[in-house]
Amino acid sequence: MIRPILEVDALERRFDVSAPWLNRVLERKPRRTLRAVDGVDFDIPPGQTLALVGESGCGKSTIAKLVTGLHPPSGGAIRFNGDPRKMQMIFQDPYASLNPRWRVGRIVAEPLRTLHPETPEAQVTARVEELLCTVGLSGADAAKYPHEFSGGQRQRISIARALAGEPEFLVCDEPTSALDVSVQAQVLNLMKRLQREMGLTYLFISHDLSVVRHMADVIAVMYLGRIVEIQPTRDLFANPLHPYTRMLLDTIPDLENPRRDRAPMGGEVPSPVSPPPGCSFHPRCPLAFDRCKAERPERNPRIHDRRVACFAATGNTLEAAHV
Amino acid sequence: MTDTVLDVRALRVEFPTRRGVLTAVDEISLTIGKGEILGVVGESGAGKSMTGMAILGLLEPPGRIAAGEIRLSGDRIDNLTEQQMQTIRGRRIGAIFQDPLTSLNPLFKVGDQLVETIRLHSSLTRAQARARALDLMREVGIPAVEERIDNYPHQFSGGMRQRIVIALALCAEPELIIADEPTTALDVSIQAQITALLKRLCRDRGTAVMLVTHDMGVIAETADRVAVMYAGRLAELGTVEDVVRRPQHPYTAGLMGSIPSLRHDESELQMIPGSMPRLGAIPAGCAFNPRCTQAGPKCRRDIPRTDGAGAACWLALTGETV
């Protein structure tokens, strides 16, 4: 068995969202904690893409920040089996993630200068030019400022910067959400080509299931800080196990088979500060029974090979309901 | 035709700048009938929101309507004064914008905002207006309206806030609603709830809806007809079925191909090379010609136009290589 490049085990991150001290004393407000990430585990083998999907507030971006060390975890472990300098991140907003006062050449060279300060200047310039060409820009663009580029081109600059440190592992947090579809296609194709050519490993975070289907080898579906289902991409789309995954797949508009008469799923994601007891999805779940309200389902090795955290998915209940 | 609610003819929106006049909307013609949802799609900067703003009379100066006509149920509204336009906005045309938090006043209870809007457009008393506000909130699917009416916007979730905005737009029972990216800030499951609500209101009340979005999936499931915009011009206009399944314009075809599929595997996504030209640098002839694989000399010389239906493409218009 190949050793995974990233192993995440029982990862937790809590945030203190209590009212200020004075309000707590005067108004007797309790301390409150938000469990943004609540016992998450997954592995990523080298050269593969694992995608985290879920709606806003499910904790997927917090995981990106925990993995890259921007937040310390409150519990659990993250093991990166490689040189920590070989990990880079691509952010969502190409307008906010590039310094507007720096020329593109300096932006792309920054990881190089930080990680290998001994590199001669001529070599840095040559490498920047090479990187810009790799991502489909030209060497002459190094002299320009970020505002001279469109959103898609800026995201290419972000990718060039991430590649400057010769990374093995990239954390991509919604890299194409701010882009138009035709530009998104260009960036996704570029990311796939780079992965093929350089053997990169991606942790890919997105709310868009069609993008995730195109990019990922394995998909982990998150709901309120937990992974409710994790499956190889093909299996997840062919046979979704968790009712929440089913709901997500059912609600995304499908261009090839538009359902104009759809009855939308009711309800909303509850507040992560006070999640429902038991399975946090039970108030919206069509299959929920008493046990779901009292006990929290875990991903069990005996049930679908640890692929799903759902009591209804044991045995054949869910298959029967689907057929 | 009496059923036409909105009739836009050869609308042209210009922005005079120091470097010359930029044309943000270039001879757009479209109609929306009673109870019809027209989707307007395009990438950022294509002029879709600008078209909506021009109809609402909310163009930011120095932007101006330079040519063309806008008619609302037969009445011309593009040449009205700001004061006259104020009696149309809200009363005859409702607007729903992308971000529900900025569309609502954070300092007032949602009920007060609804009551104020209702009383502005009718002669109801405060109590009658409040009863009507409760009805509207119920209609857009807000639970426990008796309590929620006295909540502030920050006490609602994103999806519920957008419902309040829709209720606000419905206050005066407008003939036309312009919804500019109404679901873009929302999660998929909430997005489906909001589009279903829009569709139901449109069907039940016969309101005409102009749905501006960049999301083809939303259009495919919500709109009746769709207008595809590119660089301020109309690239293609037709029924959703035709435009999605049998796109005539190479740009529309490229746009459809670049959306990752939910059903089959593609090793590469189809790409349109390059990017949409900036307003100051629109090429001669068809605006799409530098990115089009089938462009001929005529495409580089003359601007193709579509008038109400079909593709603005010389290839589709003449049926031969040009």
Side-chain angles (χ1 to χ4, degrees), chain A residues 53-58 136 149-153 176-190 192-193 196 206-215 233-234 237 244 247-271 284, chain B residues 41-46 141 143 156-160 183 185-197 199 214-224 230 240-241 244-245 251 254-276 278 291:
Chain A
V53 279
E55 300 181 86
S56 36
C58 72
F149 296 89
S150 66
Q153 289 172 319
T176 60
S177 307
L179 307 176
D180 282 313
V181 275
S182 72
V183 182
Q184 164 173 287
Q186 295 174 358
V187 172
L188 293 180
N189 281 348
L190 170 68
K192 274 204 134 175
R193 178 170 62 84
R196 250 192 336 265
S206 177
H207 68 281
D208 187 332
L209 272 164
S210 62
V211 168
V212 157
R213 183 182 194 278
H214 182 68
M215 294 298 290
T233 304
R234 203 175 280 265
F237 277 84
Y244 177 62
M247 188 212 91
L248 274 185
L249 288 173
D250 273 347
T251 38
I252 24 175
D254 187 352
L255 256 189
E256 284 142 284
N257 181 26
R259 286 173 43 201
R260 302 178 57 88
D261 52 346
R262 75 167 68 244
M265 173 92 182
E268 299 185 359
V269 182
S271 157
R284 303 173 76 187
Chain B
V41 278
E43 299 180 64
S44 18
F156 289 84
S157 66
M160 285 297 154
T183 60
L186 308 173
D187 278 319
V188 275
S189 60
I190 312 300
Q191 171 178 308
Q193 296 171 6
I194 297 292
T195 48
L197 170 66
K199 260 195 303 197
H214 68 280
D215 190 332
M216 262 334 272
V218 169
I219 293 279
E221 300 208 334
T222 315
D224 300 303
Y230 184 79
V240 165
E241 175 80 6
V244 172
R245 296 203 187 255
Y251 172 66
L255 200 62
M256 296 298 159
S258 62
I259 303 170
S261 169
L262 282 167
R263 309 193 157 257
H264 30 79
D265 298 321
E266 307 132 305
S267 60
E268 282 251 299
L269 293 170
Q270 200 184 318
M271 287 195 293
I272 312 174
S275 52
M276 197 168 68
R278 291 181 185 193
R291 301 172 75 188

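Quick caveat: nothing in here was measured; it's all calculated off a predicted structure. Letters A, B, ... mirror the listed sequences (proteins, then strands); counts begin at 1.
Within a 6.0 Å sphere centred on CZ of A/R193, heavy atoms belonging to other residues, nucleotides or ligands number more than 12.
Heavy-atom distances place the backbone of B/P273, and not its side chain, under 4.5 Å from chain A. Residue contact with chain A, scored on non-hydrogen atoms closer than 4.5 Å, is absent for B/A46. Residue A/L179: no heavy atom, backbone or side chain, is found under 4.5 Å from chain B. With a 4.5 Å cut-off on non-hydrogen atoms, B/L197 does not touch chain A at all. Heavy atoms closer than 4.5 Å to chain B are found nowhere in A/H207, neither backbone nor side chain. At a 4.5 Å heavy-atom cutoff, B/T195 makes no contact with chain A through either its backbone or its side chain. Of the two parts of B/V244, only the side chain, counted from C-beta on, holds a non-hydrogen atom closer than 4.5 Å to a non-hydrogen atom of chain A.
Side-chain contact check for B/S258 and A/Q184: no donor-acceptor pair (N or O, by modelled atom type) lies under 3.5 Å.
Using modelled atom types, one side-chain atom of B/E221 and one backbone atom of A/D254 make a donor-acceptor pair closer than 3.5 Å. Using modelled atom types, one side-chain atom of A/Q186 and one backbone atom of B/I272 make a donor-acceptor pair closer than 3.5 Å.
Among A/H214, A/M215, A/M247, A/K192, the residue making the largest number of heavy-atom pairs under 4.5 Å with chain B is A/H214. Interface summary for chain A: among B/I190, B/L186, B/D187, the most heavy-atom pairs under 4.5 angstrom belong to B/D187. Heavy-atom pairs under 4.5 Å with chain A peak, among B/R263, B/E268, B/M271, at B/R263. Contact tally against chain B (heavy-atom pairs below 4.5 Å) for A/N189, A/L209, A/L255, A/T251: the top residue is A/N189. No other option in B/P143, B/A223, B/A196 has as many heavy-atom pairs under 4.5 Å with chain A as B/A223.
Closest approach of A/R213 and B/L262 over heavy atoms only: NE-O, 3.2 Å. The nearest pair of heavy atoms linking B/L269 to A/A185 is CD1-CA, 3.8 Å.
A 4.5 Å side-chain heavy-atom check between B/M276 and A/D180 finds every atom pair outside the cut-off. Counting heavy atoms from C-beta on, the side chains of A/E55 and B/S189 come closer than 4.5 Å. Counting only heavy atoms from C-beta outward, the side chains of A/S182 and B/Q270 never approach each other to under 4.5 Å.
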### Message
Before you tell me yes or no, could you show the steps for A/I252 and B/Q191 under side chain to side chain contact (heavy atoms under 4.5 Å, CB included), namely the whole-Å CA-CA distance, both residues' side-chain angles and the distance that decides it to 0.1 Å?
### Response
CA-CA 9 Å; A/I252 24 175; B/Q191 171 178 308; over 6 Å; no
